[in-house]
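Only one structure is covered here, and it is reproduced in the block below.
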Amino acid sequence: QWTQSSQELSPDRREITEEEAQSVMAGYPRKTLNWKPLMDYPLDENGTTLRDFLAQKDVRLSETELTQRYRDWMAASSESWHTDFRLMDINADGVKDLLLSGNGEYFWQAVTFRYGSIVSLLEDSYYLCENGVLELISTRWDGGIEMDGHQYMRITESEWDILELVVYNKASASWQSDWYETEMTQSQAQRIMDRYTRLDQGMIPMEEFSNG
């Protein structure tokens, strides 16, 4: 049902037909925006773009230098609860990322070295799967109902590419394809989870990283 009013919560709201609604909206045509990639933004009169500027800052280190940068960052960090680590390129940019765990079962955090600094890639509970896929594990409560989610994703550069999600609703003992009420069968959920085989997480005790 379409309605019309002078303001969102105005008492003069009245019901109108779809044709009347379309007529009102036609009076406010949207402009066509000429979107351009942010990386092509010109920074000076010489045509230097943001992409050029960041490329100059994106110095690649040798594996030894990179590992030492990560060690220095860990030594200066107050986050001392990590128990295990792994060095692995999870976003396919050619730079090994530092993966950190606090329980030795799944990873809690991932950082990388970009543009001369240590930057965060991911702060969540996740497992490594085949073909560069990460399985994020999370629990949500909605109205007292507990739901466990398995979200499968890839990280490209610093962008998240969400592949699939399955959620187990503990109250109804049923499976969903989202955090709401889109139900799916257990066999459908299992087929999705079977597509993403977990790897050996390859964790190394943090003492070995700290001691070199």
Side-chain angles (χ1 to χ4, degrees), residues 1-55 57-58 90-93 110 112 114-115 119-126 129 131-196:
Q1 178 62 58
W2 293 89
T3 61
Q4 182 181 29
S5 63
S6 57
Q7 299 180 32
E8 184 177 1
L9 300 177
S10 175
D12 67 350
R13 185 174 60 182
R14 65 185 183 87
E15 293 185 1
I16 60 175
T17 65
E18 182 177 355
E19 290 74 17
E20 290 175 304
Q22 294 294 341
S23 176
V24 170
M25 291 187 287
Y28 303 93
R30 296 176 180 174
K31 290 186 176 180
T32 300
L33 301 178
N34 184 22
W35 291 102
K36 298 178 181 178
L38 180 61
M39 287 298 186
D40 292 340
Y41 186 82
L43 300 178
D44 56 33
E45 63 277 2
N46 297 322
T48 302
T49 65
L50 181 58
R51 178 181 287 102
D52 298 329
F53 175 79
L54 292 177
K57 294 288 186 181
D58 194 17
I90 62 173
N91 62 343
D93 66 350
T112 192
R114 293 298 306 274
Y115 313 122
V119 296
S120 176
L121 272 182
L122 180 65
E123 292 188 25
D124 215 322
S125 300
Y126 63 95
C129 299
N131 302 316
V133 174
L134 307 180
E135 178 186 356
L136 273 63
I137 307 296
S138 55
T139 300
R140 294 188 185 183
W141 285 266
D142 184 9
I145 298 174
E146 183 177 349
M147 294 182 288
D148 294 333
H150 300 256
Q151 178 174 278
Y152 300 94
M153 57 165 284
R154 286 191 181 93
I155 302 179
T156 305
E157 294 286 335
S158 59
E159 298 295 322
W160 290 24
D161 181 14
I162 308 300
L163 304 175
E164 293 184 278
L165 170 66
V166 294
V167 176
Y168 181 68
N169 187 320
K170 291 189 175 181
S172 60
S174 61
W175 292 89
Q176 303 171 184
S177 61
D178 53 35
W179 291 106
Y180 307 102
E181 297 179 354
T182 308
E183 294 187 359
M184 65 193 323
T185 65
Q186 181 177 355
S187 59
Q188 288 174 319
Q190 192 62 53
R191 280 197 297 272
I192 291 174
M193 291 189 287
D194 289 344
R195 279 201 285 269
Y196 305 102

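Bear in mind the structure is a predicted one, so any value in this text is a computation, not a measurement. We count residues from 1, following the sequence as given.
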Quick one: CG on D52 to CG on N46, what's the gap to the nearest 0.5 Å?
11.0 Å
Restricting to non-hydrogen atoms, name the atom on T185 and the atom on S187 that form the minimum distance, rounded to 0.1 Å.
OG1-OG, 3.0 Å
Donor + acceptor pair across side chains of S6, D12 (<3.5 Å)
yes
How close do E135 and C129 get, heavy atom to heavy atom, and via which atoms?
CB-SG, 3.8 Å
Which pair of heavy atoms, one from Y126 and one from L134, lies closest together, and at what distance?
CD1-CD2, 4.2 Å
Hey, is OH on Y41 packed in by over 12 heavy atoms from elsewhere, all under 6.0 Å?
no
Supply the atom-to-atom distance T182 OG1 to M184 CE, rounded to the nearest 0.5 angstrom.
9.5 Å
Result for side-chain contact (heavy atoms from CB on, under 4.5 Å) between L165 and one of H150, M153, Q151, Q176 points to Q151
When you check the side-chain N and O atoms of D44 and T48, is any donor under 3.5 Å from an acceptor?
yes
Rounded to the nearest 0.5 Å, what's the gap from CE on M193 to OH on Y168? Could you check?
10.5 Å
T49 and L43: which non-hydrogen atoms are nearest, and at how many Å?
O-CD1, 3.7 Å
Is the number of heavy atoms from other residues, nucleotides or ligands within 6.0 Å of CD (E20) greater than 12?
yes
Side-chain donor/acceptor of R154 to backbone N/O of N131, under 3.5 Å:
yes
Do T156 side-chain atoms and E159 backbone N/O form a donor-acceptor pair below 3.5 Å?
no
Atom OG1 of T112 and atom CG of L122: how far apart are they, to the nearest 0.5 Å?
12.0 Å
Is the Y152 ring parallel, tilted or perpendicular to the Y196 ring (thresholds 30°, 60°)?
parallel
In terms of heavy-atom contacts, does CD of E183 have more than 12 from other residues, nucleotides or ligands at under 6.0 Å?
no
Using every non-hydrogen atom in the two residues, find where I16 and R14 come nearest and quote the distance to one decimal.
CG2-NH1, 3.3 Å
Please report the interatomic distance CG(L38) to CG(L50), rounded to the nearest 0.5 Å.
5.5 Å
With the side chain counted from C-beta on, respond yes when L54 and R114 share a heavy-atom pair under 4.5 Å apart, and no when they do not.
no
Nearest heavy-atom neighbours spanning A171 and I145
CB-CG2, 3.6 Å
Kindly indicate, with the supporting measurements, whether the criterion side-chain contact (heavy atoms from CB on, under 4.5 Å) is fulfilled by W175 and Q188.
CA-CA 9 Å; W175 292 89; Q188 288 174 319; over 6 Å; no
Distance (rounded to the nearest 0.5 Å) between E19 CD and W2 CH2
10.5 Å
